[in-house]
Engineer: 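The following block contains the structure, expressed as structure tokens.
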Amino acid sequence: MSSSTEIRILTTPQELFEAAAEEVLRAAKEAIAQRGRFTIVLSGGSTPKSLFNLLATNARTVFPWDRTFFFWGDERHVPPTDPDSNYRMAEEAMLSKIPVPAGNVFRFAAENPDAAAVAEAYEQTLRKFFQVGPGQIPAFDLILLGMGPDGHTASLFPGSPGLQEKTRLVIANWVEKLKASRLTLTLPVLNAARCVAFLVSGTDKAPALHAVLESDVAGEQYPSKLIRPVDGKLIWLIDRAAASQLTDRNEKQSGPGHPKV
Ligand code: 6PG
């Protein structure tokens with residue numbers, strides 16, 4: 001598969017979440033047809049909660065949950081019961097409502113106070129699941145990502161040391177402005193995906209989205225700009241509010257490589 005970029009601007013958040021649910025279902029069907037299983041990385045924060053609710057209600061009976069394996073793109077360094085936990089949000093919005101086997105869900109053990117150990121343990125979990133050794137990068141079928149108003153994605157924040165990581169799969173990334181460590185997949189893993197789908201909603205994201213999609217700013221300042229699947233699809237699912245500062249608001253599709261669409 002060559003790499004490609006698609007930008008879809010949806011009128012409302014609800015239409016964005018419906019489009020995202022369709023994309024998840026499409027990716028699942030394709031993955032299971034080709035490889036017998038579907039590996040998906042969930043994003044955190046608040047945006048995906050509506051998608052998770054939609055999948056748990058509308059796709060509950062039609063989705064191949066027993067062949068689906070859940071991972072996280074990042075996690076806060078808190079226990080899974082903490083209100084800030086990305087795992088807790090997904091558990092409440094979706095996982096507790098669908099017949100997915102417990103063994104198909106791989107969360108960060110973020111209750112461990114040693115963040116570096118949490119990252120290392122998750123990396124070993126990925127290496128074991130995908131049967132990849134040192135120097136090899138696993139290819140997830142679908143990685144969902146969000147974008148912060150500062151252009152961060154997963155827990156790769158502007159100017160953070162994690163942006164330079166080229167060999168590890170998972171790191172504890174110190175985020176100065178949060179004065180906290182965050183657990184996150186690294187750019188090599190995110191860019192090894194067969195498909196990456198950004199879900200971006202709301203006017204607060206509009207300036208960063210313009211910078212990421214339409215300017216030449218350095219990726220280190222807007223890390224979402226560094227997401228370019230090497231051999232996969234990149235899909236931007238954006239609502240009109242988030243797209244409000246894009247100079248060109250027509251839907252776009254680009255072919256091989258990831259020229260600026
Ligand atoms: C997190 C996320 C993060 C998120 C963006 C957008 O742990 O917070 O993984 O990268 O996707 O910050 O968050 P919202 O959807 O809440 O705007």
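If you read the sequence from its start, that first residue is 1, and numbering goes on from there. Order of appearance sets the numbers: ligands from 1, and atoms from 1 within every ligand. What you see is a predicted model; the values in this text were computed from it and never measured.
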Engineer: When the aromatic ring centroids of Tyr87 and Trp72 are compared, is their separation below 6.0 Å?
Structural biologist: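 Tyr87 vs Trp72: aromatic centres under 6.0 Å.
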Engineer: Considering only protein heavy atoms, which is closest to atom 8 (O) of ligand 1, and at what distance to one decimal place?
Structural biologist: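 Protein heavy atom with the smallest distance to atom 8 (O) of ligand 1: Arg76 NH2, 2.7 Å.
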Engineer: So, Arg26 and Glu30, do they make that salt bridge, N to O below 4.0 Å?
Structural biologist: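 Looking at Glu30 together with Arg26, the answer is yes, because their closest N to O distance falls below 4.0 Å.
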Engineer: Looking at residues at least two apart in the chain, or sitting in another chain, which of them share a salt bridge (Lys or Arg N to Asp or Glu O under 4.0 Å) with Lys29?
Structural biologist: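 Scan of Lys29 (salt bridge (Lys or Arg N to Asp or Glu O under 4.0 Å), adjacent residues dropped) gives none.
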Engineer: With a cut-off of under 6.0 Å to the ring centre and 45° to the axis, is Arg168 in cation-pi contact with Tyr122?
Structural biologist: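 Because its charged atom misses either the 6.0 Å distance or the 45° angle limit, Arg168 does not stack over Tyr122.
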Engineer: When you measure from atom 11 (O) of ligand 1 to each heavy atom in Pro149, Gly146, Gly148, which option holds the nearest one?
Structural biologist: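 Of the listed residues, Gly146 has the closest heavy atom.
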Engineer: With heavy-atom distances below 4.0 Å as the criterion, list the atoms of ligand 1 near Ser46.
Structural biologist: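 Close to Ser46: 14 (P), 15 (O), 16 (O).
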Engineer: What protein heavy atom sits nearest atom 13 (O) of ligand 1, and how far away is it?
Structural biologist: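 Ranking protein heavy atoms by distance from atom 13 (O) of ligand 1, first comes Gly45 CA, 4.0 Å.
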Engineer: Does an N or O from Thr153, backbone or side chain, lie closer than 3.5 Å to an N or O of ligand 1?
Structural biologist: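 No: no nitrogen or oxygen of Thr153 is under 3.5 Å from one in ligand 1.
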Engineer: For ligand 1, which part of Asn86 has a heavy atom less than 4.0 Å away: the side chain, the backbone, both, or neither?
Structural biologist: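 Side chain only.
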Engineer: For a side-chain contact (heavy atoms from CB on, under 4.5 Å) with Phe71, tell me which candidate from Leu185, Ile40, Leu126 qualifies.
Structural biologist: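 Single pass found, and it is Leu126.
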Engineer: Mark the output for Glu75 as yes if a heavy-atom distance to ligand 1 is under 4.0 Å, and as no if none is.
Structural biologist: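 Outside the 4.0 Å threshold, so no.
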Engineer: Can you tell me which residue and heavy atom of the protein come closest to atom 6 (C) of ligand 1, and the distance to 0.1 Å?
Structural biologist: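 Checking every protein heavy atom, the shortest distance to atom 6 (C) of ligand 1 gives Met147 O, 3.6 Å.
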Engineer: I'd like the name of whichever of Ala154, Ser43, Ser155 reaches closest to atom 3 (C) of ligand 1 through any heavy atom.
Structural biologist: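 Heavy atom nearest to atom 3 (C) of ligand 1 belongs to Ala154.
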Engineer: Under a 3.5 Å threshold, yes or no: a donor from one side chain and an acceptor from the other, between Ser160 and Asn173?
Structural biologist: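 Note: Ser160 and Asn173 side chains meet the donor-acceptor criterion.
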Engineer: Write out the residue and atom name of the closest protein heavy atom to atom 4 (C) of ligand 1, then the distance separating them to 0.1 Å.
Structural biologist: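 It is Gly44 O, 4.0 Å.
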Engineer: Please tell me if the side chains of Gln136 and Phe130 come closer than 4.5 Å, counting only heavy atoms from C-beta onward.
Structural biologist: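 Side-chain contact under 4.5 Å: no.
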Engineer: The criterion is side chain to side chain donor-acceptor pair (under 3.5 Å); which residues satisfy it with Thr47, sequence neighbours excluded?
Structural biologist: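 Listed in chain order: nothing, the list is empty.
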Engineer: To which protein heavy atom is atom 2 (C) of ligand 1 closest, and what is the distance rounded to 0.1 Å?
Structural biologist: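 Scanning the protein heavy atoms, the shortest distance from atom 2 (C) of ligand 1 goes to Asp74 OD2, 3.5 Å.
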Engineer: Heavy-atom distances under 4.0 Å decide this one: backbone, side chain, both or neither, for Thr47 against ligand 1?
Structural biologist: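 The part of Thr47 near ligand 1 is both the backbone and the side chain.
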Engineer: Below 4.0 angstrom from a heavy atom of Lys205, which ligand 1 atoms are there? Numbered from 1 as shown, please.
Structural biologist: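 Numbered from 1, ligand 1 contributes 6 (C), 14 (P), 17 (O).
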Engineer: Specify the protein heavy atom at minimum distance from atom 5 (C) of ligand 1: its residue, its atom name, and the distance to 0.1 Å.
Structural biologist: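 I find the closest protein heavy atom is His152 NE2, 3.5 Å.
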Engineer: Examine the side chains of Thr125 and Glu123 and answer whether a donor and an acceptor come within less than 3.5 Å of each other.
Structural biologist: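 No, no side-chain donor-acceptor contact under 3.5 Å.
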